[in-house]
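Below: the structure, in structure tokens.
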Amino acid sequence: MHPYNRLPSNGYSPPSPPQSPLRSPRLRHQRSSKSGRFSPVQPPGRTFTQRFAVAFLSVLLRRQGVFLFAPLIYVFGMVLYMGTASFDVVPIIKHRHAPGSVYRSPQVYAKLRVDMDSDNSSADAISTIWKSPYKGGHWKPCVNRSSKGLPESNGYIYVEANGGLNQQRTSVCNAVAVAGYLNATLVIPNFHYHSIWRDPSKFREIYDEDYFIDILKNDVQVVDKIPEYLMERFGSNLTNVHNFRIKAWSSIMYYRDVVLPKLLEEKVIRISPFANRLSFDAPPAVQRLRCLANYEALRFSRPILTIGESLVERMRKRSAINGGKYVSIHLRFEEDMVAFSCCVFDGGKQERGDMIAARERGWKGKFTKPGRVIRPGAIRINGKCPLTPLEVGLMLRGMGFTKNTSIFLASGKIYNAEKTMAPLLEMFPNLHTKETLASEEELAPFKNFSSRMAAIDYTVCLHSEVFVTTQGGNFPHFLLGHRRYLYGGHSKTIKPDKRKLALLFDNPNIGWKSLKRQLLNMRSHSDSKGVELKRPSDSIYSFPCPDCMCRTNRTGDSRSSSAT
């Protein structure tokens, strides 16, 4: 047998091998349709589109070079699409505000008001609020006064105290400490007139000057003026006296090394301005003089003290249902505070116009400098917006204070008061101010003096069972410390977490029980933070323990009675 040769030779072609059987069903059907008696049902014919698609794909598969034109085909298709699409309608992109960035408190109040008024699940907070005993014991004032005489003075120090009531108070106390440390004679500080506070009051019109001098007599010599024989050297003109421009928060060592030599040389020096010109961190001898000045020597003048104590008694009578206990609130919602905060509330165009005008009046150009960007939402999230009267009321009701609670409101002129105060009065109808407690005749001597009016508010807040701070500043800064000094080291103060409040009040879907639970926790936190010890960077005017107070190791003190 010869092997099969695929290449023909001599023109001879061998016979082909037998054909393989047809296995394709399609071919079998074709074959049987030609030869058999039975013809199967033909599939329906393809449409023109299907035939075109098959042909087109066949060409592509056979001619793969066509794929080089794919980008051109894509671009051509896009051009056709863009030519037929309409761009007249711009798609709307919905911006979602960050949680806590929008003032929605009115909606929250409207939703929760019915549940709030019907809630009687807990006792009135005024009688149960301060229950957490301080584990470190009880504290009592222990500022010692010297009984020894003073050595010969090194000279006279004259300071100008700038700012409002409590900023001036800082200057006075720091001046006492510096003068005592340098063994100098302190001239009664001059209160600098400021265009914002517009109060020309002198020291003796706000504080009891004779009492101040007497309390300090064995620690710091204080006089009301510089002797004439010394002033003659300067032409009897204080502006000719050497003035130190001291950096803020300077250490007491700076005064010893720089100021004292000049004092010994000139015998009279002037420091202006003097607010915040001494570091909080100082030796015990300096801190003792600060304590003595702030908590013992500075007493309001007799007219202010008389009307202040009178208003305290009237508040206690109006709080008889709660054993004479009342809540005081320092509310900072005056027009200038709202404007300075740059926060947005619910006043619309009217509010926007008012705030622009107020900023221009008080701080010309400060808020319109090129490149300055104001983000009201971010300010609110960071807890920097002043609480509105509505928010204060909602917070206190959530903390367990009932409609029967007596409220004293320490504040200036509330912005848009007719609208903004209405919800607070609904929640606490027994609300008072110095204007509602006193007659016009009683307030007349103080009416046009902002510092004297603030001193009256300070007195009534000092003796309340609960003090509520809403915005910070020097007023609550001093009250925190003064109340700790009076109440065994406990400030008896609610200092809310305003970042958390911003989140809670920006949620219109929140339920009353959920809100109340969160606010009760916030109240409990204020109680636990009532007694705090001063750290090096803290102010002794807010944290008198341990520099101005001594521990008595009495634990579990109820702190239930208010000192007068």
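Only a predicted model underlies this, so the values are computations on that prediction, with no experimental measurement involved. We're numbering straight along the sequence, starting at 1.
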Within the distance-only criterion (no hydrogens, no angle test), does the side chain of R483 pair as donor or acceptor with the backbone N or O of K492 below 3.5 angstrom? yes
Donor-acceptor pair, distance only, cut-off 3.5 Å: does the side chain of N294 make one with the backbone of C173? no
Other residues, nucleotides and ligands only: do more than 12 of their heavy atoms fall within 6.0 Å of NE2 on H477? yes
Can you sort out the partners of N276 under side chain to side chain donor-acceptor pair (under 3.5 Å), two or more places apart, ordered by chain and number? none
Would you give the length of the straight line joining atom CD1 of I540 to atom OG1 of T170, rounded to the nearest 0.5 angstrom? 12.0 Å
Please evaluate residues C548 and C142 with respect to the criterion disulfide (SG to SG under 2.5 Å), reporting the C-alpha separation (whole Å), side-chain torsions for both, the decisive distance (0.1 Å), and the verdict. CA-CA 6 Å; C548 312; C142 59; over 6 Å; no
Any non-hydrogen side-chain atom of E532 less than 4.5 Å from a side-chain atom of R484? yes
Please list every donor-acceptor pair under 3.5 Å in which a side-chain atom of residues 157-164 meets a protein atom from a residue at least two apart or in another chain.
{"unit_1": "E160", "atom_1": "OE1", "unit_2": "S272", "atom_2": "OG", "d": "3.0"}
{"unit_1": "N162", "atom_1": "OD1", "unit_2": "A275", "atom_2": "N", "d": "3.4"}

I would like to know whether Y295 and Y485 meet ring-ring contact (aromatic ring centres under 6.0 Å, His included); could you show each step before the answer? CA-CA 8 Å; Y295 299 116; Y485 192 77; 4.5 Å; yes
Under a plain distance cut-off of 3.5 Å, with no hydrogens placed, do D199 and S201 share a side-chain donor-acceptor pair? yes
Min side-chain heavy-atom separation F212-V176 under 4.5 Å: yes
Report yes if some heavy atom in the side chain of Y255 is under 4.5 Å from a heavy atom in the side chain of L278; otherwise report no. yes
Applying salt bridge (Lys or Arg N to Asp or Glu O under 4.0 Å) as the test, list every pair that has at least one member in residues 401-429; sequence neighbours left out. R113-E426, D346-K419
Rounding to 0.5 Å, atoms CD1 (I304) and CD1 (I456) come to a distance of 6.5 Å
Do R380 and F345 form a cation-pi contact, if we require the NZ or CZ to be under 6.0 Å from the six-membered ring centre and within 45 degrees of the ring's axis? yes
So which atom in G308 and which in V460 form the shortest heavy-atom distance, rounded to 0.1 Å? O-CG2, 4.1 Å
Heavy-atom pair with the smallest gap, counting every atom of D336 and W363: O-CH2, 3.5 Å
Quick one: does L479's side chain get under 4.5 Å of L462's, heavy atoms only? yes
Indicate whether any N or O donor in one side chain lies under 3.5 Å from an N or O acceptor in the other, for H432 and N430. yes
How long is the span from the CG atom in N218 to the CZ atom in R145, to the nearest 0.5 Å? 8.5 Å
Audit row: F340, F367, ring-ring contact (aromatic ring centres under 6.0 Å, His included) steps and yes/no: CA-CA 9 Å; F340 188 81; F367 296 94; 5.8 Å; yes
Please check this pair: side chain of Q287 against backbone of D547, looking for a donor-acceptor N/O pair closer than 3.5 Å. no
For R245, which residues count as a side chain to side chain donor-acceptor pair (under 3.5 Å) partner, sequence neighbours excluded? none
Between H482 and Y458, is any side-chain donor less than 3.5 angstrom from a side-chain acceptor? yes
Would you say the side chain of V223 lies within less than 4.5 Å of the side chain of Y156, judging by non-hydrogen atoms? yes
Minimum side-chain heavy-atom gap L216-Q221 below 4.5 Å: no
How far apart are the C-alpha atoms of L165 and F475, what are their side-chain angles, what is the distance that settles it, and do they pass the side chain to side chain contact (heavy atoms under 4.5 Å, CB included) test? CA-CA 8 Å; L165 173 70; F475 188 94; 5.6 Å; no
Can you tell me if K498 uses its side chain to pair, donor with acceptor, with the backbone of T470 under 3.5 Å? yes
Rounded to the nearest 0.5 Å, how far apart are OH of Y487 and NE2 of H463? 6.0 Å
H330: which of S411, P476, C461 passes side chain to side chain contact (heavy atoms under 4.5 Å, CB included): P476
Which heavy atom of G398 sits nearest a heavy atom of L519, and at what distance? CA-CD1, 3.6 Å
Please check if the side chain of S341 supplies one atom and the backbone of P386 the other of a donor-acceptor pair under 3.5 Å. no
Might you confirm whether atom CZ of R375 has over 12 heavy atoms from other residues, nucleotides or ligands at distances under 6.0 Å? no
Can you find a heavy atom in the side chain of I494 that is under 4.5 Å from one in the side chain of M522? no
How close do L238 and M231 get, heavy atom to heavy atom, and via which atoms? N-CE, 3.9 Å
Can you tell whether the side chains of K349 and E351 come within less than 4.0 Å, N to carboxylate O? no
Check the pair F543, L533 against side chain to side chain contact (heavy atoms under 4.5 Å, CB included), reporting the backbone distance first and the verdict last. CA-CA 6 Å; F543 302 92; L533 304 186; over 6 Å; no
Verify, without hydrogens or angle tests, whether R359 (side chain) and A339 (backbone) share a donor-acceptor contact under 3.5 angstrom. yes
Between F280 and D538, which heavy-atom pair has the shortest distance, and what is it? CB-O, 3.2 Å
Would you call Y415 and M337 a side-chain contact if the rule is heavy atoms closer than 4.5 Å? no
Which residues share a side chain to side chain donor-acceptor pair (under 3.5 Å) with S328, sequence neighbours left out: S464
Flag for S310-R314: side-chain donor and acceptor within less than 3.5 Å: yes
Contacts satisfying salt bridge (Lys or Arg N to Asp or Glu O under 4.0 Å) that involve residues 448-461 (not counting sequence neighbours) are E205-R452, K434-D457
In Å, rounded to the nearest 0.5 Å, how long is the span from CZ of R270 to CG of N243? 4.0 Å
Just by distance, do the side chain of S319 and the backbone of N322 share a donor-acceptor pair under 3.5 Å? no
Keeping S539 on the side-chain end and Y541 on the backbone end, is there a donor-acceptor pair under 3.5 Å? yes
Steps toward side chain to side chain contact (heavy atoms under 4.5 Å, CB included) verdict (V327, F428): CA-CA 11 Å; V327 175; F428 293 100; over 6 Å; no
Answer yes or no on whether R277 is positioned over the face of F244, meaning its NZ or CZ is under 6.0 Å from the six-membered ring centre and within 45° of the axis. no
Mark yes or no for whether N382, through its side chain, and A378, through its backbone, hold a donor-acceptor pair below 3.5 Å. yes
Step by step, would you call M421 with L409 a side chain to side chain contact (heavy atoms under 4.5 Å, CB included)? CA-CA 11 Å; M421 284 296 294; L409 199 66; 3.7 Å; yes
For M395 and V468 the tightest heavy-atom approach is CE-CG1, 3.9 Å
Quick check: does any side chain N or O of Q350 sit under 3.5 Å from a backbone N or O of G347, one acting as donor and the other as acceptor? no
Return the CZ to OG1 distance between R397 and T405, rounded to the nearest 0.5 Å. 8.5 Å
Is the shortest side-chain N to carboxylate O distance from D219 to R288 below 4.0 Å? yes
